[in-house]
Protein chains: 2
Amino acid sequence: MPSFSSYKNPSLAADLVVFGYQQGILSILLLNRNTEPFKDQWVLPGAFLLMEERLRDTCARVLKTKLGMDDLYLEQLCTYDEPNRDPRGRAIAVAHYALVNPARFAITAGTMANDVKWFNVKELPGLGFDHDLIAADALKSLQHKILHYPVGFELLNDLFTMPELHALYECILDISIDRRNFRRKILDAGYIISTGKKREGLHNRHPDLYEFNKELKSIHLSF
Amino acid sequence: MPSFSSYKNPSLAADLVVFGYQQGILSILLLNRNTEPFKDQWVLPGAFLLMEERLRDTCARVLKTKLGMDDLYLEQLCTYDEPNRDPRGRAIAVAHYALVNPARFAITAGTMANDVKWFNVKELPGLGFDHDLIAADALKSLQHKILHYPVGFELLNDLFTMPELHALYECILDISIDRRNFRRKILDAGYIISTGKKREGLHNRHPDLYEFNKELKSIHLSF
DNA sequence: ACAAAAGTGTTGTTTTTACACCCATGG
DNA sequence: CCATGGGTGTAAAAACAACACTTTTGT
């Protein structure tokens with residue numbers, strides 16, 4: 001059987017848009033590069049695919065070694081192949097996005113970066129490569145995903161309140177949603193289960209605590 | 001600036017799910033391979049990416065040289081990277097789908113294939129590589145796309161009737177839709193424009209001819 | 001005049017939206 | 001007992017689904 005050895009192939013990388021939600025803000029994790037090209041500019045984390053590796057393993061490797069993160073929700077987004085997107089040569093990127101509850105991890109800069117930082121998705125700096133485009137596409141994709149898959153599960157704590165889930169949806173979709181109609185739609189969808197407990201220690205009425213319905217695979221919401 | 005020359009990279013291919021709609025049937029174009037691997041089996045058309053080429057150019061090249069087709073609607077679908085998907089070695093495929101009105105082209109087998117044939121999407125043979133999976137994913141994606149983008153434009157003639165558009169939607173979504181409610185939704189969406197003309201030569205009432213509203217970029221339909 | 005298929009209209013139901021109201025908590 | 005925020009209910013509007021009726025054509 002013939003093999004591919006005669007072909008010359010572009011480099012192949014997995015790039016990651018890591019979304020985190022904390023204090024009512026949706027953020028993306030960016031690295032500040034300490035090598036050319038785009039030295040001292042902010043970019044998405046990523047790595048080149050190894051021959052024996054699957055793309056999601058490449059992503060997991062980046063999350064683990066560059067960011068100290070484990071076991072995140074991961075979704076393939078799109079493949080970016082503009083020939084001049086990397087000044088070092090032809091490089092094709094398969095973009096993914098990951099969802100993380102930042103409270104669970106303390107991030108630290110790896111060897112390739114000066115710094116690692118969360119940026120509010122509404123206040124992103126100009127990014128190196130074509131990462132502005134990738135980040136924008138990822139946000140659109142997440143906004144769509146949240147209507148069809150219980151994404152809150154990945155971004156909130158195991159127990160959470162209705163106002164917390166409500167704020168998450170308003171933040172990600174960047175719209176305002178009537179809290180009472182929101183409650184009804186979420187409950188009708190069977191999205192979450194009441195635990196009977198309440199969140200204590202707040203300065204007014206203690207909201208009910210819910211957990212996600214793990215039986216549920218897909219949902220349909222519209223706002 | 002460093003380059004990538006030290007990395008060894010997998011082969012990168014563009015694979016194509018070419019959808020055609022004719023006589024009320026949605027079909028996919030398949031090739032019968034005349035070389036190993038998967039000799040004499042049906043597979044999706046595809047080609048390896050050349051270094052100076054963009055993925056959509058690879059697709060266009062396949063459509064032109066293997067199938068004699070030009071200027072088709074093309075959409076990137078997903079990237080398939082299972083390490084053993086190609087027995088010749090590590091090969092990653094970026095799948096795309098194309099939409100074509102088969103009436104416009106006479107297909108002919110290229111040098112790589114014994115035969116080229118349209119297959120009803122509901123009666124696909126077992127395919128080589130992981131192309132069963134790719135074809136199934138492409139159909140799902142098309143079913144979603146048709147609700148948000150005026151896809152009929154690519155699959156029908158420039159002038160078409162409401163019953164023709166109705167049949168297309170029923171076929172692609174694989175559901176039955178009340179023709180009167182369908183008409184109302186399509187017209188309310190501003191999807192199409194009445195031309196005042198009528199389709200002649202039928203054995204009963206001559207239906208109105210419409211054309212697509214080219215101003216329209218995205219739509220929202222639900223059935 | 002009839003059958004077949006296409007255009008038009010109506011009605012009841014469900015879903016969505018926009019609110020009003022009451023309850024619990026801390027100060 | 002008041003301000004704040006959270007839980008519950010309701011009525012109007014919009015969207016949807018199911019269906020009847022009329023019109024045009026070829027035979």
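Note on naming: letters A, B, ... go to the chains in the order of the sequence lines (proteins, then strands), and numbering restarts at 1 for each one.
- Across D/dT27, C/dT17, D/dG7, the shortest atom-to-atom separation from the side chain of A/Asn181 is found for C/dT17.
- When the nearest nucleotides of DNA chain C are assigned to B/Asp178 and A/Glu200 by heavy-atom distance, the more 5′-ward of the two goes with B/Asp178.
- Rounded to whole angstrom, the span from the CG atom of B/Leu165 across to the C1' atom of C/dG7 amounts to 16 Å.
- Judged purely by distance below 3.5 Å, without hydrogens or angles, the side chains of B/Asp115 and B/Asn32 never pair a donor atom with an acceptor atom.
- Ranking D/dC19, C/dA6, D/dG7 by closeness to the B/Arg179 side chain, first place goes to C/dA6.
- Taking atom NZ of B/Lys197 as the reference point, atom P of C/dA6 lies 20 Å away to the nearest angstrom.
- A donor-acceptor pair is defined here as one N or O able to donate and one able to accept, closer than 3.5 Å; such a pair exists between the side chain of A/His131 and the backbone of A/Leu44.
- No more than 12 heavy-atom neighbours from other residues, nucleotides or ligands sit within 6.0 angstrom of CZ on A/Arg56.
- Looking at heavy-atom distances under 4.0 Å, A/Arg184 makes contact with a base.
- You'll find that the side chain of A/Arg205 is closest to C/dC23, out of D/dT27, C/dC23, C/dT17.
- For B/Lys185, the listed nucleotide lying nearest its side chain is D/dA17; candidates were D/dA17, D/dG6, C/dT8.
- With distances taken from any side-chain atom of B/Arg180 to the nucleotides C/dG7, C/dT8, C/dC21, the minimum falls on C/dT8.
- One atom, CG of A/Asp208, and another, P of C/dT25, lie 11 Å apart when rounded to the nearest Å.
- Closest to the side chain of B/His206, out of D/dG26, C/dG7, D/dG6, is D/dG26.
- For A/Arg183, taking side-chain heavy atoms from C-beta onward, the closest of the listed nucleotides C/dT17, D/dT8, D/dG26 is D/dT8.
- No donor-acceptor contact under 3.5 angstrom links the side chains of A/Glu211 and A/Thr195, judged on distance only.
- Among the atoms of the strands shown, none is found under 4.0 Å from any heavy atom of A/Thr161.
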